[in-house]
Visitor: 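Can you read through this structure? Questions will come right after.
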Amino acid sequence: MGLDNGLALTPPMGWMSWERFRCLTDCELYPNECISEQLFRRHADLLVNEGYADAGYEYIIIDDCWLEKDRDNKTQKLVADKKRFPNGLNPLADHIHNIGLKFGLYQDYGTNTCAGFPGVIKHMQLDAKTFAEWDVDYVKLDGCYANISDMAVGYPEFGRLLNATGRPMVYSCSWPAYQEDAGEMPDYTSLKQHCNLWRNWDDIDDSLESVAQIMDYFGKNQDRIQPHAGPGHWNDPDMLLLGNYGLSYDQSKLQMAIWSIMAAPLIMSNDLAAVRPEIKDILQNRKVIAVDQDVLGIQGRRVLSKNQIEVWSRPITPVVSNNQHSYAVAFASRRSDGAPYRIVFTLKELGLHNAAGYNVEDLYDDKSKLGIFRPANQFITRVNPNGVTFYKFTAL
Ligand code: GLA
């Protein structure tokens with residue numbers, strides 16, 4: 001039986017608290033940063049007022065640390081932290097819905113969440129029903145404090161219980177990340193039947209190093225991971241860091257480009273009030289977002305690497321006669337030797353074989369018109385250190 005909830009036909013887009021706000025729970029010390037109703041109301045409003053919602057960002061997702069340490073004594077229901085969510089979750093969900101957004105919530109398959117709050121394992125049916133009562137639209141189910149060997153049965157079971165509530169909820173599973181960590185091979189065929197998206201690997205941190213490690217992981221393991229992405233079921237390389245402390249302007253473009261090649265969920269984790277205008281432009285770049293959200297839902301791949309310039313390529317629409325796809329192609333520099341690095345490829349080398357050629361545009365530069373290129377032509381690009389150049393090759 002499949003998940004069959006009709007959701008996430010393109011990778012989900014939104015905002016989530018974890019990477020930036022972690023488990024800050026002291027609202028007296030950190031009133032603007034603590035995990036509280038305020039934080040999520042503020043970010044829901046910012047998502048709309050700062051133009052992110054218009055660009056496609058939709059889900060406001062509460063990550064860990066929203067719970068009381070204990071369930072309700074009588075009902076055994078989960079209880080949101082009484083100080084930080086004094087009204088429970090419904091008024092927050094209402095607000096999020098009233099301004100046109102959707103509401104996501106974190107829980108954990110095991111006895112406890114990773115930060116130590118109660119998990120779902122002994123109360124799966126009750127919790128699925130409670131999520132529906134709280135008008136949740138998206139569930140991230142983590143896998144701390146659980147037996148990895150139970151997950152192949154337990155995660156699908158919780159998905160069935162979510163479906164049985166009758167409320168459509170996107171289901172994000174962390175099950176394969178825990179299996180990979182333990183050296184076990186995830187069963188991607190089963191995953192894509194039961195989950196809308198899944199975390200494949202380690203948590204992202206606020207650095208280029210972390211982005212690079214994730215790129216390497218997806219590049220190295222693409223043969224067994226990439227084929228399983230598609231409408232309704234996505235690989236998840238974790239949150240976007242843009243707008244935080246760790247990435248430069250060029251590195252921000254790099255993460256955004258590679259994530260869109262990977263058909264990744266575009267889930268930001270940042271303080272939306274503090275994102276600099278030039279970074280906001282990257283996050284809201286309509287052409288890059290269109291690559292991520294391409295209707296075919298084919299995940300891209302790292303196709304080659306030359307002189308430490310990696311070529312990442314994704315087949316996208318429009319598709320012309322003879323089944324020739326258009327492509328988004330990112331040139332990711334793993335170099336740090338100062339000057340922008342000039343590199344030349346023939347289109348054939350890049351895997352672009354459409355005899356009629358391609359109309360090429362720079363996805364990060366509206367003004368540039370590069371013209372038409374055919375398979376035998378050379379394509380020249382210059383990539384900044386730790387940066388990216390990103391083009392759409394529209395098949396003719
Ligand atoms: C795990 C997950 C993270 C985050 C934390 C919360 O590490 O992978 O994304 O949800 O737990 O504790």
Side-chain angles (χ1 to χ4, degrees), residues 11-26 30 33-36 39-40 43 59-69 78 80-81 84-85 89 103-121 127 131 136-148 151 154-155 158 169-182 184 186 191 195-207 209-211 213-214 217-218 225 234-244 246 255 259 262 264-271:
M13 294 175 64
W15 182 93
M16 180 153 76
S17 50
W18 182 255
E19 197 288 323
R20 171 62 180 80
F21 296 100
R22 298 286 154 143
C23 200
L24 292 171
T25 50
D26 189 335
Y30 305 113
E33 292 174 87
C34 67
I35 302 303
S36 64
L39 181 76
F40 296 96
H43 278 86
Y59 291 92
I60 290 284
I61 306 162
I62 304 180
D63 207 285
D64 207 347
C65 305
W66 59 274
L67 281 157
E68 282 283 323
K69 283 280 178 194
L78 293 165
D81 186 277
R84 293 179 284 116
F85 298 88
L89 297 187
F103 175 44
L105 192 59
Y106 167 100
Q107 245 297 358
D108 188 288
Y109 170 62
T111 55
N112 292 90
T113 72
C114 293
F117 297 88
V120 303
I121 199 151
D127 291 353
F131 289 173
V136 171
D137 305 297
Y138 178 120
V139 175
K140 169 178 174 181
L141 196 68
D142 208 346
C144 275
Y145 302 106
N147 291 327
I148 294 171
M151 291 180 175
Y155 269 85
F158 195 69
M169 291 183 251
V170 170
Y171 187 31
S172 163
C173 300
S174 298
W175 152 37
Y178 287 84
Q179 291 180 325
E180 294 262 345
D181 243 22
E184 288 175 27
L191 264 165
C195 304
N196 293 116
L197 63 155
W198 49 82
R199 281 282 310 283
N200 304 74
W201 198 56
D202 285 359
D203 290 5
I204 198 159
D205 283 330
D206 196 358
S207 69
E209 188 190 5
S210 177
V211 169
Q213 282 166 359
I214 293 173
Y217 176 82
F218 277 82
I225 291 177
W234 308 101
N235 294 299
D236 178 7
D238 212 4
M239 292 160 262
L240 292 173
L241 301 172
L242 287 80
N244 294 317
Q255 192 194 10
W259 261 232
M262 290 197 288
L266 299 180
I267 312 282
M268 303 178 279
S269 186
N270 51 16
D271 183 340

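Nothing here was measured: the structure is a model prediction, and the numbers come from that model. All ligand and atom numbering here is 1-based and tracks the order in the structure.
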Visitor: Mind jotting down which residue pairs meet the salt bridge (Lys or Arg N to Asp or Glu O under 4.0 Å) criterion with at least one end in residues 59-69? Sequence neighbours excluded, please.
Guide: Asp63-Lys140

Visitor: Using 30° and 60° as the class limits, which term best fits the ring planes of Phe131 and Phe158: parallel, tilted or perpendicular?
Guide: perpendicular

Visitor: Looking at residues at least two apart in the chain, or sitting in another chain, which of them share a ring pair (Phe, Tyr, Trp, His ring centres under 6.0 Å) with Phe117?
Guide: none

Visitor: Excluding sequence neighbours, so at least two apart, what forms salt bridge (Lys or Arg N to Asp or Glu O under 4.0 Å) with Asp81?
Guide: Arg84

Visitor: Relative to each other, are the rings of Trp175 and Tyr155 parallel, tilted or perpendicular (30° and 60° limits)?
Guide: parallel

Visitor: Would you sort out whether Ile121 and Tyr145 count as a side chain to side chain contact (heavy atoms under 4.5 Å, CB included), showing the intermediate values?
Guide: CA-CA 10 Å; Ile121 199 151; Tyr145 302 106; over 6 Å; no

Visitor: Got the residues with a heavy atom under 4.0 Å of ligand 1, by chain and number?
Guide: Trp18, Asp63, Asp64, Tyr106, Cys114, Ala115, Lys140, Asp142, Arg199, Asp203

